[in-house]
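Presented below is the structure to which this report refers.
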Amino acid sequence: MRKEIFSKKIMDWYQANHRNLPWRKTTEPYKIWLSEIILQQTRVAQGLPYYERFVGAFPDVLDLAKAPVQKVLRLWQGLGYYTRARNLHRCAKLVVRDFEGHFPNSFEGLKKLPGIGPYTAAAIASIAFREPVGVVDGNVFRVLARIFGIDKDIASDAGKKYFFSLANELLDEAHPDIFNQAVMEFGALHCLPKNPKCDGCTFSKQCEANQKDLQSLLPVKHKKLKIRTRYFYYFIVRDKNKMLLKQRNGKDIWQGLYDFYLIETSRRKKTAEVVKTDAILTKASILKESRVFRHLLSHQKLLVKFVELKLHSTKEMNLLARRSELKKFTKPEISNLPKPILIDRYLKANP
DNA sequence: GATACGTGGTC
DNA sequence: TGACCAAGTAT
């Protein structure tokens with residue numbers, strides 16, 4: 001699609017469909033900046049009341065700079081990402097001190113300020129100063145990836161560069177403010193992440209994703225596998241020639257396999273702390289405890305400690321067994337059970 | 001490049 | 001219901 005066609009269509013759509021938002025009624029850099037910081041990773045509906053309150057409390061950058069940071073944080077309360085509020089305040093003070101209350105009027109100048117990255121610098125430069133620089137946010141990634149059928153990974157540096165360069169090629173240099181907001185608004189209202197409104201879309205014929213039915217596959221975002229860290233405390237409870245085991249069920253790892261009595265905590269704790277959380281265990285005496293075993297799964301890191309306990313009576317053991325759905329096994333029986341590899345390692349080291 | 005940072009909405 | 005996502009930035 002020719003650049004002129006794209007920009008005309010998207011800006012026509014914008015003129016007909018855009019929301020009336022307070023920061024669209026001004027070109028004051030202060031208010032554009034304020035709105036952009038508030039809207040970082042934040043929906044309009046959530047940020048709007050905060051914007052109104054900030055403008056009411058701090059009509060210009062000097063008011064904001066003069067305020068104590070606590071007052072800024074108080075107004076920000078509930079919005080999240082609180083570093084934004086601290087940087088907002090830092091930035092206001094810096095603008096007053098170094099620039100006599102005037103924001104730098106260029107993309108490069110703006111990007112140096114705290115809390116202003118490539119997206120926000122481009123947004124302020126284009127909207128407040130009409131500098132022809134393209135914005136690239138989550139909406140722009142999605143809209144361009146779909147319409148132009150781009151399958152580059154938006155999480156990679158190369159992908160980001162590609163989209164930034166494409167956005168700048170397409171940009172209507174005579175109306176960078178309208179163009180940029182048009183692409184974002186189109187992504188926010190029409191070309192939605194799920195169930196985009198392709199029926200009757202102004203780009204239905206030109207859109208690669210619509211033509212090839214790739215809407216749900218674009219944009220491509222390589223999701224980084226995040227590895228969860230879990231803390232396992234295994235208690236080895238023996239009584240005469242029997243020991244307690246439990247068959248694992250549910251949706252967790254090692255389904256159907258057997259392991260020892262397990263207490264899982266959200267963070268690393270001392271064994272004594274963990275024992276205290278259990279009425280029966282706390283009365284037992286600790287025979288010995290192992291080092292922390294590190295066990296890696298594809299998407300989990302287990303930090304496991306084994307603790308051998310001596311209960312004072314068979315009665316206590318039975319109580320514990322019943323409450324925790326543990327079962328008693330003798331040693332020969334255990335060797336025939338399917339058990340997690342970690343347990344196997346421990347048993348071999350401690351026969 | 002990966003990760004932390006918050007809250008609220010969506011399917 | 002547990003991801004996934006939302007006008008990203010700083011480290």
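To find a chain, count down the sequence lines: A is the first, B the second, and so on, and within it residues start at 1. From a predicted model like this one, the values you see are computed outputs, not experimental measurements.
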(request) Just call it for Thr120(A): base, sugar-phosphate, or nothing, with non-hydrogen atoms closer than 4.0 Å on any strand. (result) sugar-phosphate

(message) Among dA7(C), dC5(C), dT9(C), which nucleotide has an atom closest to any side-chain atom of Gln40(A)?
(response) dT9(C)

(request) Just call it for Gln181(A): base, sugar-phosphate, or nothing, with non-hydrogen atoms closer than 4.0 Å on any strand. (result) nothing

(message) Classify Arg86(A) by what it touches in the nucleic acid, base, sugar-phosphate, or nothing, heavy-atom distance under 4.0 Å.
(response) nothing

(request) Can you tell me, in whole Å, how much space there is between the C1' of dA7(C) and that of dA2(B)? (result) 23 Å

(message) What's Arg90(A) touching, base or sugar-phosphate or nothing? Going by heavy atoms closer than 4.0 Å.
(response) nothing

(message) Give me the distance, rounded to whole Å, that separates dT3(B) from dC4(C) when you measure between the P atoms they each carry.
(response) 15 Å

Expected rows: protein N/O vs nucleotides 7-11 of chain B N/O, under 3.5 Å:
unit_1	atom_1	unit_2	atom_2	d
dT7(B)	OP1	Tyr82(A)	OH	3.3
dG8(B)	N2	Arg43(A)	NH2	3.4

(request) Tell me, please, whether Tyr233(A) has Lys305(A) positioned over its six-membered ring: NZ or CZ under 6.0 Å from the ring centre and within 45 degrees of its axis? (result) no

(message) Quick check: on DNA chain B, is the nucleotide nearest Thr42(A) upstream (toward 5') of the one nearest Ser156(A), or the reverse? Name the residue that is more 5'.
(response) Ser156(A)

(request) Could you check how far OH of Tyr119(A) sits from C1' of dA10(C), rounded to whole Å? (result) 18 Å

(request) For Trp76(A), answer base if it contacts any base atom (sugar-phosphate contacts may also be present), sugar-phosphate if it contacts only those atoms, and nothing otherwise; contact means non-hydrogen atoms under 4.0 Å. (result) nothing

(message) Under a 4.0 Å threshold between the charged nitrogen and the carboxylate oxygen, would Arg24(A) count as salt-bridged to Asp177(A)?
(response) no

(message) Is it the case that the side chain of Asp63(A) and the backbone of Asp60(A) share a donor-acceptor pair, with hydrogens and angles ignored and the cut-off at 3.5 Å?
(response) yes

(message) Take a 6.0 Å sphere around NZ of Lys25(A) and say whether it holds more than 12 heavy atoms from other residues, nucleotides or ligands.
(response) yes

(request) Nearest whole angstrom, please: distance from the C1' of dA10(C) to the CD1 of Ile116(A). (result) 14 Å

(request) Return the value, rounded to whole Å, for the distance between atom CD1 of Ile154(A) and atom C1' of dC5(C). (result) 11 Å

(request) Check every atom of dT9(C), dA7(C), dG1(B) against the side chain of Asp157(A) and return the nucleotide holding the closest atom. (result) dG1(B)

(request) With Arg84(A) as the cation and Tyr81(A) as the aromatic partner, state whether NZ or CZ is under 6.0 Å from the six-membered ring centre and within 45° of the axis. (result) no

(message) Check this for me, if you would: do Glu208(A) and Lys212(A) make a salt bridge, where the nitrogen-to-carboxylate-oxygen distance has to be below 4.0 angstrom?
(response) yes

(request) For residues Thr202(A) and Ile10(A), determine if any side-chain heavy atom of one lies less than 4.5 Å from a side-chain heavy atom of the other. (result) no

(message) Using a 4.0 Å heavy-atom cut-off, does Ala45(A) contact any base of the nucleic acid, only the sugar-phosphate backbone, or nothing at all?
(response) nothing

